[in-house]
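Notes for the one structure printed next.
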Amino acid sequence: MNELAGKNILVGVTGGIAAYKVVEVVSRFKKMGAEVRVVMTRAAAEFVAPRTFQEITKNPVSVEMFAGTVNFHVEHIALANFADVVLIAPATANFLAKAAHGIADDLLTTIVLATTAPMIVAPSMNTKMLEHPATQANLKILEGRGVKIIDAEIGRLACGTSGKGRLSEPENICAEIVKFFAPKILIGKKILVTAGGTIEPIDPVRFICNRSTGKMGYEIARAAKNAGAEVILISGNATAEPPSDIKFVKVETALEMREAVLAEYENVDAVIMSAAVSDYRVKNVASQKIKKSNETLTLELVKNPDILKELGERKNNQLLVGFAAETENVIEYARGKIDEKNLDFIVANDVSQEGAGFGVDTNIVSLIDRAGDIENLPLMTKAELAEKIIQRIAELI
């Protein structure tokens, strides 16, 4: 993964117990190809040794204003100019107060005052400190200047209490940085994504479902959001966490998904139907739990509406993308769906292949367009594949 290749990230670490989490954040940045420099406050160095960050980044770690350990002529200006983005994590109440009011009494706050790079802060502190009117006012001041706030999470705190104030998890912080750098190729576009598997009830206890976890669709929704689009995610049963800052619609059955999709269809620029929609539903759903009585149980199933085909029939100027999860004759079946359902392109994969299909973080697919041209993609993460799908959609739009 090289989402951050060629990007310069300055990470400011302030004095909170959550500083240990930032070690993983910095490690992830490096794995994604970024050039990273870390600046720590004196208090931060009480929680994590500067050498830890130095070993990960392969760069000197700056703590003192006049230590003279880095080969810069004027260190705070050089570091301020280095950054494409400045991330402060964890951001303590003390740091927020200084940043909001332009106080520059150590190396990190001096850099913050000197840089013109965008700044992202991830607060972490005791709940009462976070909710104090002064802290809330400082956050509003920073937001008013265009600073992005990665909201603190609710959970167990170091002081032994539970509440809001936990540093956002490393994967969430990294996702915000990736989103910041993502090319905004879909600004002004509205994208609808379906994901997950639908559930068809048998009785109040049992249901028919499939193996979909929603990972692929959720990554597509995240990639579309990162690309600047307004995103609607309509999801059936899923284990993945939906991305933030999108319209999220939860459904269960195929009929509910159809209704939700059609309600949005006329107002979107593109639809990516990655959901695994049940082909059939139970004709007569039992109102009470079915008891075991015989050796066999017969259920009468009726066909569900083909949502993708209906969208193709109703299509005006929308871009329509389908998925074909097959176990044999993958290309042949996928090509048939393009014409049958009036698709612009289809994402086809053999779910029986190792590393592809349901419940894993990777996929192996072929992208097939209306002309029949095929792009065979190698094994990659679903996040990487999502970016390729969004790039293809942006080109077609």
Side-chain angles (χ1 to χ4, degrees), residues 183 185-195 212 216-234 254 257-258 260-262 264-277 279 303-353 356-357 363-380 382-397:
I185 54 179
L186 288 178
I187 284 181
K189 303 302 179 183
K190 195 170 185 178
I191 309 296
L192 190 157
V193 182
T194 67
S212 176
M216 190 69 252
Y218 281 41
E219 290 295 349
I220 292 171
R222 184 174 289 108
K225 179 64 182 177
N226 290 350
E230 179 184 350
V231 180
I232 305 160
L233 175 60
I234 299 175
M257 180 163 283
R258 174 184 178 273
V261 169
L262 291 180
E264 303 286 354
Y265 188 48
E266 295 301 320
N267 299 313
V268 300
D269 297 289
V271 178
I272 304 105
M273 287 287 294
S274 69
V277 181
D279 293 321
K303 201 168 186 179
N304 271 323
D306 189 329
I307 303 172
L308 188 55
K309 185 175 182 180
E310 187 172 355
L311 295 181
E313 292 168 350
R314 295 185 179 213
K315 186 175 175 183
N316 292 316
N317 298 315
Q318 298 96 333
L319 194 73
L320 194 54
V321 180
F323 273 68
E326 305 289 353
T327 57
E328 60 180 352
N329 302 324
V330 176
I331 301 301
E332 178 186 345
Y333 290 153
R335 277 179 166 159
K337 288 182 179 180
I338 292 177
D339 293 330
E340 179 191 354
K341 303 184 183 187
N342 194 20
L343 306 181
D344 291 280
F345 72 90
I346 194 166
V347 183
N349 68 327
D350 181 346
V351 295
S352 65
Q353 286 190 81
N363 217 338
I364 307 168
V365 308
S366 297
L367 304 183
I368 309 171
D369 64 19
R370 293 179 69 88
D373 294 330
I374 303 172
E375 181 182 2
N376 295 314
L377 299 177
L379 176 71
M380 63 180 64
K382 288 181 175 176
E384 291 170 328
L385 175 56
E387 291 179 1
K388 288 189 175 293
I389 291 170
I390 291 303
Q391 178 67 43
R392 175 73 69 95
I393 287 169
E395 291 169 359
L396 291 172
I397 287 180

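For the residue pair Gln318 and Tyr265, the shortest heavy atom distance occurs at NE2-O, 3.0 Å. A pairwise comparison of heavy atoms in Gly217 and Leu233 identifies O-CD1, 4.3 Å as the closest pair. When all heavy atoms of Asp350 and Thr327 are compared, the closest pair comes out as OD1-CA, 3.7 Å. The two residues Ala254 and Ile307 come nearest to each other via the heavy atoms O-CD1, 3.7 Å. Residues Lys225 and Val231 approach most closely at N-CG2, 3.5 Å, considering heavy atoms. Looking at every heavy atom in both residues, Lys189 comes nearest to Asp269 through CA-OD2, 3.3 Å.
Note: Ile234 CD1 to Leu192 CG = 4.5 Å, rounded to the nearest 0.5 Å. Taking CD1 of Ile389 as the start and CD1 of Ile220 as the end, the distance is 4.0 Å to the nearest 0.5 Å. One distance of note links CG of Asp339 with NZ of Lys341; it measures 12.0 Å at 0.5 Å rounding. The structure places CD1 of Ile191 at 4.5 Å from CD1 of Ile397, a figure rounded to the nearest 0.5 Å. Rounding to the nearest 0.5 Å places CD1 of Ile232 at 3.5 Å from CD of Glu264. Separation of atoms NZ (Lys382) and CG (Asn363) is listed at 5.5 Å; rounding is to 0.5 Å.
A salt bridge does not link Lys337 to Glu340: none of the charged nitrogens lies less than 4.0 Å from a carboxylate oxygen.
Judged by distance alone, the side chain of Asn349 and the main-chain N or O of Val351 form no donor-acceptor pair under 3.5 Å. A donor-acceptor pair is defined here as one N or O able to donate and one able to accept, closer than 3.5 Å; no such pair exists between the side chain of Glu326 and the backbone of Ala334. Formation of a donor-acceptor pair under 3.5 Å by the Thr194 side chain with backbone atoms of Ala275 is found in this model. Not a single donor-acceptor pair under 3.5 Å links the side chain of Tyr218 to the backbone N or O of Ala195.
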Item to complete: Take Ile272 and Leu319 through the side chain to side chain contact (heavy atoms under 4.5 Å, CB included) test and state the conclusion after the steps.
Response: CA-CA 8 Å; Ile272 304 105; Leu319 194 73; over 6 Å; no

Practice prompt. Please report the C-alpha distance between Leu320 and Leu308 in whole Å, then the side-chain angles of each, then the deciding distance to 0.1 Å, and finally whether the side chain to side chain contact (heavy atoms under 4.5 Å, CB included) criterion is met.
Written response: CA-CA 8 Å; Leu320 194 54; Leu308 188 55; 3.9 Å; yes

Extract all donor-acceptor atom pairs below 3.5 Å that involve side chains of residues 364-374 and protein atoms in other chains or at least two apart in sequence.
unit_1, atom_1, unit_2, atom_2, d
Ser366, OG, Asn376, OD1, 2.6
Asp369, OD1, Ala371, N, 3.0
Asp369, OD1, Gly372, N, 3.0
Asp369, OD1, Asp373, N, 2.9
Arg370, NH1, Asn342, OD1, 3.1
Arg370, NH1, Leu343, O, 2.7

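Screening residues 388-397 for salt bridge (charged side-chain N to carboxylate O under 4.0 Å, His left out), with sequence neighbours left out, gives Glu375-Arg392. Applying the salt bridge (charged side-chain N to carboxylate O under 4.0 Å, His left out) test to pairs two or more places apart or on separate chains, those with a residue in residues 308-322 are Arg258-Glu310, Glu310-Arg314, Lys315-Asp344.
Side-chain contact between Glu219 and Leu385 is absent, with no heavy-atom pair separated by less than 4.5 Å.
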